[in-house]
Protein chains: 2
Amino acid sequence: MIRTEETTVTRMAGDERRLQILRVAERLFSQKGFRGTTTKEIAQAAGVSEAMVFRHFATKSELYAAIIDQKACQGNLPEPSCVALEARERKDDYAVFYELTLLALNEHEQNPEFMRLLLHSALENHELSQMFFERFVVTIYESLGSYIAERQRDGVFRQMDPRIVVRAFVGMMIHHSLNNSLWDKERRLLNISNEEAAHSFAEILLRGVTI
Amino acid sequence: MIRTEETTVTRMAGDERRLQILRVAERLFSQKGFRGTTTKEIAQAAGVSEAMVFRHFATKSELYAAIIDQKACQGNLPEPSCVALEARERKDDYAVFYELTLLALNEHEQNPEFMRLLLHSALENHELSQMFFERFVVTIYESLGSYIAERQRDGVFRQMDPRIVVRAFVGMMIHHSLNNSLWDKERRLLNISNEEAAHSFAEILLRGVTI
DNA sequence: GTCTATAAATAGATAGAC
DNA sequence: GTCTATCTATTTATAGAC
């Protein structure tokens, strides 16, 4: 076996290859779902043999788990409690909602694979879907909910269950992203920039909950 | 071949059997998706042999198409333009949004299979997903959008793109249903009645768009 | 680390008896 | 109308050479 500089050129290092397979699989799984994607397709798209896929991941399920784990657990997503922190401290309500929405919409637009993957795993009752829910959604509800409660105590927002407000707000932006990436890719129904959407949603919600 | 009363007791009539297979398949497809459900499973769940499934539906795809077609096309869904018609004529804005939301949430709760099926077909890029979009979603945007435009002309609603308002409003209710049936079945995050949700969403939106 | 070849299991679909 | 048996293709996963 020759160990020279060249080996790293012609052959990929183990970790590198592993990551490459992971990325290819993520794209395919997000497009066609877990059961709809074959290991052969993944291997072909990655330019390796099927055996190589199984060398890096013992089973197809393990590969799937590694993807969700990487995306949902390893800090690839911004910590919800840290978003719009400065606006929160200024108690600039509009900025809080606007910045949060814009960040989410941009993220969804740049990385629609992840949303599709999450939907697939939710529909397939994958355990890691629940994990994402615990790890991320619950955090958003706590973080944004506590801000809303604070503004209620300030006498600025109407008295109502803060979690309902979060549900309404998150609904606007998630549904907008979902709609854009699943049903209306050509933006036939509504073609607006993320900035405009963020502005409109923030304004509707803000007027909706302000006294 | 014996044709007596008894034959109808021991053996199902063709159409009846067809409908039964259709219903069983709908449940399984909604649970595990098109590719995740085998014809063998469908046959077993319906209590017939696989050959019987293929007698009624030439291919698995044809079976899937028949389900979506039946659900999305054959008037099993209320015509969006007819919902809350009376409230619309009274120009009772709150009632319009409240009734529309309550109807949708109840429908989603009683029949979560259809929403799951739609999501699956959207993720799998099934042509019938697009058909549903044309047939149903577009209608809602036109119907509700024109009501909003009317109320803007009345000087009651703020000037903004009516379609954005529809997007925000539909988002609240769809996301609420989606959340309840996909991620938070135990209602750990937010456990409210459909009436309460409809009330809150209608109020937030109404205050959000009223001058 | 990577390949080819192949085993083992499962999928959709059909044939033909009753 | 319904069944059993079976065919063919595909899919996951492994063995073993290089």
Side-chain angles (χ1 to χ4, degrees), chain A residues 1-29 31-67 120-121 124 126, chain B residues 1-26 28-29 31-68 120-121 124 126:
Chain A
M1 189 183 288
I2 308 166
R3 287 172 176 273
T4 68
E5 287 278 301
E6 279 192 7
T7 57
T8 62
V9 174
T10 52
R11 284 163 77 174
M12 256 183 204
D15 286 356
E16 207 175 337
R17 177 66 83 188
R18 184 189 148 93
L19 204 65
Q20 189 216 5
I21 294 173
L22 213 65
R23 271 198 289 260
V24 166
E26 182 197 342
R27 200 189 72 233
L28 291 177
F29 281 145
Q31 284 167 3
K32 327 207 295 176
F34 179 69
R35 293 184 237 237
T37 305
T38 67
T39 50
K40 178 186 268 180
E41 284 172 324
I42 295 170
Q44 281 174 346
V48 294
S49 72
E50 251 185 297
M52 276 311 299
V53 175
F54 285 103
R55 178 158 213 83
H56 286 283
F57 305 94
T59 65
K60 190 183 170 187
S61 282
E62 195 179 303
L63 172 56
Y64 192 58
I67 294 170
H120 264 124
S121 56
E124 286 167 349
H126 199 288
Chain B
M1 189 183 286
I2 308 166
R3 288 172 175 271
T4 68
E5 286 278 300
E6 277 192 7
T7 56
T8 62
V9 175
T10 53
R11 284 162 79 172
M12 256 184 204
D15 286 355
E16 208 175 336
R17 179 65 83 187
R18 185 189 148 92
L19 204 65
Q20 189 215 6
I21 294 173
L22 213 65
R23 270 196 291 259
V24 166
E26 182 197 343
L28 291 176
F29 282 145
Q31 284 167 3
K32 326 206 295 175
F34 179 68
R35 294 185 237 237
T37 305
T38 66
T39 50
K40 179 185 270 180
E41 284 172 323
I42 295 170
Q44 280 174 347
V48 294
S49 72
E50 248 184 299
M52 275 311 298
V53 174
F54 285 102
R55 179 156 213 82
H56 286 282
F57 305 93
T59 66
K60 191 183 170 187
S61 281
E62 193 180 305
L63 172 55
Y64 192 58
I67 293 170
I68 306 234
H120 263 125
S121 56
E124 286 167 348
H126 199 288

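Residue numbers begin at 1 in each chain, while the letters A, B, ... track the order of the sequences.
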key: Separation of atom CZ in A:R17 from atom P in C:dC3, rounded to whole Å   = 7 Å
task = Using atom CD of A:E62 as one end and atom P of D:dT14 as the other, report the distance to the nearest whole Å.
result = 11 Å
query = How is A:S61 classified with respect to the nucleic acid when contacts are heavy atoms under 4.0 Å: base, sugar-phosphate, or nothing?
reply = nothing
query = Side chain of B:T59: nearest nucleotide among C:dT2, C:dA13, D:dA13?
reply = C:dA13
ask   = B:I21 CD1 to D:dG1 C1': how many Å, rounded?
value = 11 Å
remark   = Ranking C:dA13, D:dC3, C:dT2 by distance to the side chain of B:S49, first place goes to D:dC3
query = What's the CZ-C1' distance between A:R35 and C:dA11, to the nearest Å?
reply = 13 Å
ask   = Of A:A51 and B:A51, whose closest DNA chain D nucleotide lies nearer the 5' terminus?
value = B:A51
query = Is there a donor-acceptor pair under 3.5 Å between the side chain of A:Q20 and the backbone N or O of A:A46?
reply = yes
request  = Write down the distance between CZ (A:R55) and C1' (D:dA17), rounded to a whole number of angstrom.
outcome  = 13 Å
task = Look only at the side chain of B:K60 and the backbone of B:F34, and say whether a donor-acceptor pair between them is shorter than 3.5 Å.
result = yes
ask   = Looking at the side chain of B:K60, which of D:dA13, C:dA13, D:dT2 is the nearest nucleotide?
value = C:dA13
query = Roughly, in whole Å, what's the span from CG in A:L63 to C1' in D:dA13?
reply = 14 Å
query = Among B:R17, B:R23, B:R18, whose side chain to side chain contact (heavy atoms under 4.5 Å, CB included) with B:I21 holds?
reply = B:R17
task = Please determine, for the side chain of A:T38, which listed nucleotide (D:dT11, D:dT2, C:dA11) has the closest atom?
result = D:dT11
remark   = Rounded to whole Å, CD of A:E50 lies from P of D:dT11 at a distance of 9 Å
task = Specify the separation, in whole Å, of atom NZ of B:K40 and atom C1' of D:dT8.
result = 15 Å
inquiry  = Walk me through whether A:Y64 and A:T59 qualify under side chain to side chain contact (heavy atoms under 4.5 Å, CB included).
reply    = CA-CA 9 Å; A:Y64 192 58; A:T59 65; over 6 Å; no
ask   = If you look at every heavy atom in B:V48 and B:V53, which pair is closest and at what distance?
value = CG2-CG2, 4.4 Å
ask   = Which nucleotide in the list D:dC3, C:dT14, C:dT2 gets nearest to the side chain of B:F54?
value = C:dT14
